[in-house]
Amino acid sequence: MVSDRAKMILGRMAQALPVVAGVVVISFLLTRALPGDPAAYFAGPAASEASIAEVREALGLDKPLVQQFFLYVGDLAQGNLGTAISTGQPVAADLASRLPASLELTLVALLLSCAVAIPLGVLAATRPGTWVDHLCRVLVTAGVSMPTFFTGIVLIYVFYYLLGVAPSPLGRLDFIYLPPPTVTGFHLIDAALAGDWETWFGALKQLVLPAVTLALFTLAPIARMTRAAMLQALSSDFIRTARAAGLGRGKVLYGYALRNALLPVITTLGMVFSFTLGANVLVEKVFAWPGIGSYAVEALVVSDYAAVQGFVLAMALLFVLLNLVIDIAYALIDPRIGFS
Amino acid sequence: MAKDTLTAAEAPPRRDGTLAHIGHVLRENPVTMLAFAMLGFFLGCALLGPVLVPYDPLATEAARALEPPSFEHWFGTDNLGRDVFSRVIVATRLDLTISVAAVALSFAFGSVLGGMAGYWGGWIDAVLNRCLDTIMAFPLFVLAMGVVAALGNTVENIIYATAIINIPFYARLVRAEVNIRRNAGFARAARLAGNGDLRVLAVHIFPNALPPMMVQVSLNLGWAILNAAGLSFIGLGVRPPTPEWGIMVAEGANFIVSGEWWLAVFPGLWLMLAVFTFNLLGDGLRDIVDPRKRT
């Protein structure tokens, strides 16, 4: 039985390989098609034809596309994503230094969203068809209909301009604080590790508005999936048995129904994570958040294709990895999977 | 002949049943009725908007820049003195066109690909599934950004990018619906009666996939609008001075910290209402099409 499960997990990992290969090909092709000539950009405005050609040769851009692709894969295998033209740094280093900012924002937003959406879904599922149910539906639909960039701007207007309670929407930390010593790159964790609570609060204050913006957007799928899974769990035989055995309402609802309903919710979280990463790009632009999303937007403007490629690749790989982890965790948690 | 009279006799009660069902769902769910009314409003704006608006959406008037909403300018004026109300209404046509065109493209391509994969299976199915997995492996907005950046900054390319990221949803849906009916009794009967594979697939099996497709279309229209507006917001796609909701929010964002809220809020609100309409509509259609899947 254990070997069955191990085989299944290995099989699932093998399934991810062609997807990874496809991701590498697509990100290569997309960025080679970017308009503008990186050689001309890299050589500077005063460059002559000859020096542009020289740079082109140095970058390997004069070779046929297929050969460029294999060079690229070879570099990739060594963890070399090329050099970003705009910052002059290796792309891998740029991404690594900016990724924690994006992840911190995304994870806090998802936690916040789960904390609101799961109780909301349970509430709607226990009262299907009532005004509570309808209200929940309208609320979450309104949340997902709000363009994240618009929500962000409205929040800035209300909490920064009108009420003056939020700090200015410029990055992860106000100028008056020094960033905490980097351990994980997550300001909240690093500041807590350093015991610097003033900075911790400063970082939290900057984080609240963008995190709420993202969380509003992700409420709907989580709340809906919770509602649907709860409805299904509540109508199943084991709940009827539990009720007949005289277990309390809370015990039945949270001890049995919710625990069973959480599995599909966890699967949904994978999908939600994907479009949160996408929406991140917009939120980071609105709040001048120094994550990988704003990095990519800046790189797109100057056709800096090593940077764009690195970003697209990093996002896709992150997502493939996350889905893999979720599927494997699922197989480990749920005893029903792996027997069929 | 006997067969004809039989269907004729059966048809009216069945249609009544459907109508009654739709009526019932609408009465049960006033929200869906509201969604239909709002859809009518947006379609009206798209068709007649440019004729009805009080000002030219591109006409600047420097003397009256950044005026707050008033009786004369319902939504105020922007930094160049253009009437925000006129721009918001005129933009409806462009935004709806982008989303409808994108969804139509993904509907067509997704149906063909999914139908083939579901009907013939085998290597077509395997290859298609791997390709769709690859597309789905990207955060969709990020892929759309990449596609627009690669193809160039035009409205058509926003449409193509939005279509590409939506194709997997349709292809998978059609594939599943076709696959379960591939060897159903009516499909075998149609083949026995001498119909070719293509005809059986297109005329007999595919129509069964339409109801769930309609739900998907409605939800996707909202997504497509959000996607297009998001791309314009980061400077890809539609360019100023063209009135478009996303770009108007982006331009207005610069004035929000100094308190001129009407530049960004009204286009954003309109954008949100449009997406909200399509999302509610999708929910309502799902109730009509498949009551069990209600969430």
Side-chain angles (χ1 to χ4, degrees), chain A residues 15 18-23 25-27 29-35 129 134 137-138 141-142 144-150 153-154 156-157 160-162 168-169 220 224-225 227-228 231 274-282 285-286 293 296-297 300-301 303 308 311-312 315-316 319-320 323, chain B residues 28-31 130-131 133-153 165 222-223 225-227 229-230 233-236 245-246 249-250 252-253 256-259 261 264-265 267-269 271-280 282-283 293-295:
Chain A
Q15 268 180 20
V19 174
V20 170
V23 163
V25 173
I26 289 187
S27 65
L29 287 180
L30 270 186
T31 40
R32 289 305 137 129
L34 279 187
H134 285 301
R137 176 178 160 200
V138 171
T141 309
V144 82
S145 305
M146 283 210 270
T148 40
F149 52 92
F150 176 60
I153 287 169
V154 170
I156 290 176
Y157 179 69
Y160 171 68
Y161 180 78
L162 286 185
S168 60
R224 282 171 178 211
M225 192 36 99
R227 180 183 179 279
L231 275 179
S274 159
F275 67 66
T276 316
L277 279 180
N280 232 342
V281 176
L282 297 170
K285 183 166 158 59
V286 171
V297 173
L300 267 182
V301 175
S303 314
V308 177
F311 165 74
V312 172
M315 285 290 224
F319 183 51
V320 171
N323 272 332
Chain B
E28 275 286 287
N29 219 328
V31 179
R130 286 290 89 77
C131 291
D133 279 352
T134 310
I135 294 183
M136 299 286 279
F138 290 93
L140 294 182
F141 186 73
V142 172
L143 185 60
M145 267 167 68
V147 172
V148 177
L151 294 179
N153 237 346
I165 63 173
W223 267 96
I225 296 184
L226 268 189
N227 194 66
F233 181 80
I234 57 172
L236 288 172
W245 294 329
V249 175
I256 210 101
V257 281
S258 51
W261 52 272
V265 166
L269 217 54
L271 172 60
M272 193 190 128
L273 272 181
V275 181
F276 190 59
T277 304
F278 286 119
N279 281 338
L280 282 184
D283 280 358
K293 278 208 186 130
R294 250 202 86 192
T295 52

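Chain identifiers are assigned alphabetically (A, B, ...) following the order of the sequence lines, protein sequences preceding nucleic acid strands; residue numbering begins at 1 within each chain. Keep in mind that what you see is a predicted model, and the values were worked out from it rather than measured.
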V138(A), part contacting chain B, at a heavy-atom distance under 4.5 Å: both
Angle class for the F233(B)/F149(A) ring planes (parallel below 30°, perpendicular above 60°, tilted otherwise)? parallel
Determine whether Y161(A) and I256(B) make a side-chain contact, defined as any pair of heavy atoms from C-beta on separated by less than 4.5 Å. no
Partner residues of D133(B) under the side-chain hydrogen bond (donor to acceptor under 3.5 Å, both in side chains) criterion, sequence neighbours left out: R130(B), R172(B)
Name the region of I225(B), side chain, backbone, both or neither, that has any atom closer than 4.5 Å to a heavy atom of chain A. neither
Just wondering, do F141(B) and L282(A) contact through their side chains at under 4.5 Å, heavy atoms? yes
Quick one: are L269(B) and F150(A) in side-chain contact, heavy atoms under 4.5 Å? yes
So do F319(A) and V142(B) actually touch side chain to side chain, heavy atoms under 4.5 Å? no
Mind ranking V249(B), L140(B), I135(B) by heavy-atom pairs under 4.5 Å with chain A and telling me who comes out on top? V249(B)
Closest non-hydrogen atom pair between M272(B) and A142(A), with its separation: CE-O, 4.3 Å
I'd like to know which of I153(A), T148(A), V286(A) tops the heavy-atom pair count under 4.5 Å against chain B. I153(A)
How about I26(A) and F138(B): do any of their side-chain heavy atoms sit closer than 4.5 Å? yes
Residues passing the ring pair (Phe, Tyr, Trp, His ring centres under 6.0 Å) test with F311(A), sequence neighbours excluded, are none
Which atoms of I156(A) come close to chain B, meaning under 4.5 Å heavy atom to heavy atom: side chain ones, backbone ones, both, or neither? side chain
What heavy-atom pair brings M146(A) and L226(B) nearest, and what distance separates the two atoms? C-CD2, 4.5 Å
Taking every heavy-atom pair that is under 4.5 Å apart, which of V312(A), V20(A), V25(A) has the most such pairs with chain B? V312(A)
Which atoms of W245(B) approach chain A - backbone, side chain, both or neither, heavy atom under 4.5 Å: neither
Counting heavy-atom pairs under 4.5 Å with chain A, the top scorer among A274(B), A253(B), G246(B), G230(B) is G230(B)
